[in-house]
Amino acid sequence: MIHSQKVAFTFSKIGPRIFSRGFAVGNKVQEGLTLTHIDGSKFKVSEGLKDKKIVVVGLPGAFSNICTNQHVPAFIKDSDKIKAKGITDIWIVSVNDHYVMKAWSLTFPTVGKVKFMADPNGSFTKSLGLDYMSEVFGGIRSKRYSMIIDNGTIITENVEESTGNCDVSNTLNLLKQL
């Protein structure tokens, strides 16, 4: 495993990938980060990950076309299959405030399926090296990705080359990795 280099090779159950950023599979999620539940309460990410196997789905923007019509519905539809493979929770994370995330969550049948989480200042997203400056959304946003985190350690990740794609971060690919 290579740490803290601009280009790293990572291996998951489906084979090697190359990505350009300073984070690698096998690293622990940074301590001290918080996310916000849709009710407005903040929680420490490290506590939410402790002794759990979580899928995190990072999305560029609430109410955007691909996020709303493809990505989130697929994770809701396949949530039982994913959880049957040992996943505790599925977090839908976007650089938005909790008001937007709550309103967006209400457009889906999510009870017991997925949890919407706000990353209002993008600190969680930035800590993963998965942020980018979006002209469309007007500021810092998350790249489109999915990852499996086991007890705070990133086990596998699937980052789209373009936020307009949903090819490697989809549920079909994720299910193969579980």
Side-chain angles (χ1 to χ4, degrees), residues 3-8 10 12 17 19-50 52-68 70-72 74-75 87 89-105 114-150 152-171 173-174:
H3 298 280
S4 301
Q5 294 188 2
K6 294 221 181 230
V7 176
T10 63
S12 70
R17 287 184 45 244
F19 61 96
S20 299
R21 57 192 192 89
F23 209 85
V25 169
N27 282 351
K28 283 269 194 195
V29 173
Q30 181 181 328
E31 291 288 326
L33 299 170
T34 61
L35 287 172
T36 307
H37 291 287
I38 59 174
D39 67 2
S41 63
K42 290 185 178 187
F43 73 99
K44 291 183 181 177
V45 173
S46 59
E47 290 176 11
L49 298 173
K50 188 176 180 179
K52 294 179 183 171
K53 195 171 187 180
I54 306 284
V55 167
V56 178
V57 183
L59 301 172
F63 295 102
S64 61
N65 184 29
I66 294 171
C67 300
T68 301
Q70 291 179 33
H71 218 179
V72 173
F75 275 91
I87 296 298
D89 287 317
I90 301 168
W91 295 357
I92 306 295
V93 178
S94 186
V95 180
N96 283 108
D97 61 57
H98 73 277
Y99 298 107
V100 169
M101 294 301 284
K102 181 176 184 173
W104 192 34
S105 75
V114 301
K115 295 179 179 178
F116 284 78
M117 308 287 184
D119 185 11
N121 63 6
S123 61
F124 176 75
T125 301
K126 288 176 191 174
S127 78
L128 297 172
L130 292 171
D131 60 305
Y132 75 101
M133 185 59 72
S134 171
E135 291 182 23
V136 173
F137 292 113
I140 295 172
R141 290 296 171 157
S142 174
K143 293 180 181 178
R144 185 178 308 283
Y145 68 89
S146 64
M147 64 175 51
I148 300 166
I149 303 176
D150 191 355
T153 300
I154 298 175
I155 302 302
T156 188
E157 66 172 8
N158 310 293
V159 181
E160 299 291 348
E161 296 218 8
S162 164
T163 59
N165 294 338
C166 192
D167 301 323
V168 299
S169 63
N170 61 40
T171 59
N173 192 37
L174 188 90

Q.
How close do Ser94 and Ala62 get, counting heavy atoms only, and between which atoms?
A. OG-N, 3.9 Å
Q. Is Lys53 close to Ile149 at the side-chain level, that is, under 4.5 Å between some pair of heavy atoms?
A. no
Q: Calculate, to the nearest 0.5 Å, the distance between atoms CD1 and CE belonging to Ile155 and Met147 respectively.
A: 11.0 Å
Q. Can you name the nearest heavy-atom pair linking Val55 to Phe75, along with the distance?
A. CG1-CE2, 4.0 Å
Q | Approximate separation, where rounding is to 0.5 Å, of Met117 CE and Lys42 NZ | A | 14.5 Å
Q: Look only at the side chain of Asp39 and the backbone of Ser41, and say whether a donor-acceptor pair between them is shorter than 3.5 Å.
A: yes
Q: Scan Leu128, Leu59, Thr163 and name whichever one has a side chain to side chain contact (heavy atoms under 4.5 Å, CB included) with Tyr145.
A: Leu128
Q: Keeping the roles fixed (side chain from Glu160, backbone from Ser169), state whether a donor-acceptor pair exists under 3.5 Å.
A: yes
**Q.** Nearest heavy atoms of Asp97 and Ala118, plus distance in Å
**A.** C-CB, 3.7 Å
Q) Is a donor on one side and an acceptor on the other found under 3.5 Å between the side chain of Asp150 and the backbone of Thr153? A) no
(Q) Measuring from atom CG of Asn27 to atom OG of Ser127, what distance do you get when rounded to the nearest 0.5 angstrom? (A) 10.5 Å
Q) Looking only at heavy atoms, what is the nearest atom pair of Ile38 and His98, with distance? A) O-CD2, 3.6 Å
Q.
Can you tell me how far apart CZ (Phe124) and CG (Leu130) are? Round to the nearest 0.5 Å.
A. 8.5 Å
Q: Please answer whether the main-chain N or O of Asp131 pairs with a side-chain N or O of Thr125 as donor and acceptor at a distance below 3.5 Å.
A: no
Q.
Within this structure, what is the NE2-NZ distance for the pair His37 and Lys115, rounded to the nearest 0.5 Å?
A. 7.0 Å
Q | Exercise: identify the closest heavy-atom pair between Gly48 and Ile54 | A | O-CD1, 4.1 Å
Q. What class does the angle between the rings of Trp104 and Phe116 fall in, given that below 30° is parallel, 30 to 60° is tilted and above 60° is perpendicular?
A. perpendicular
Q. With no hydrogens and no angle check, is any side-chain donor or acceptor of Arg144 less than 3.5 Å from a backbone partner on Pro60?
A. no
Q. If you round to the nearest 0.5 Å, how far is CG of Asn96 from CZ of Arg141?
A. 4.5 Å
Q: Could you tell me whether Phe43 atom CZ has more than 12 heavy atoms of other residues or ligands within 6.0 Å of it?
A: yes
Q. Okay, side chain of Asn173, backbone of Val168: is any donor-acceptor separation there less than 3.5 Å?
A. yes
Q | For Ile87 against Ile148, the heavy-atom pair lying closest together | A | CD1-CG2, 4.2 Å
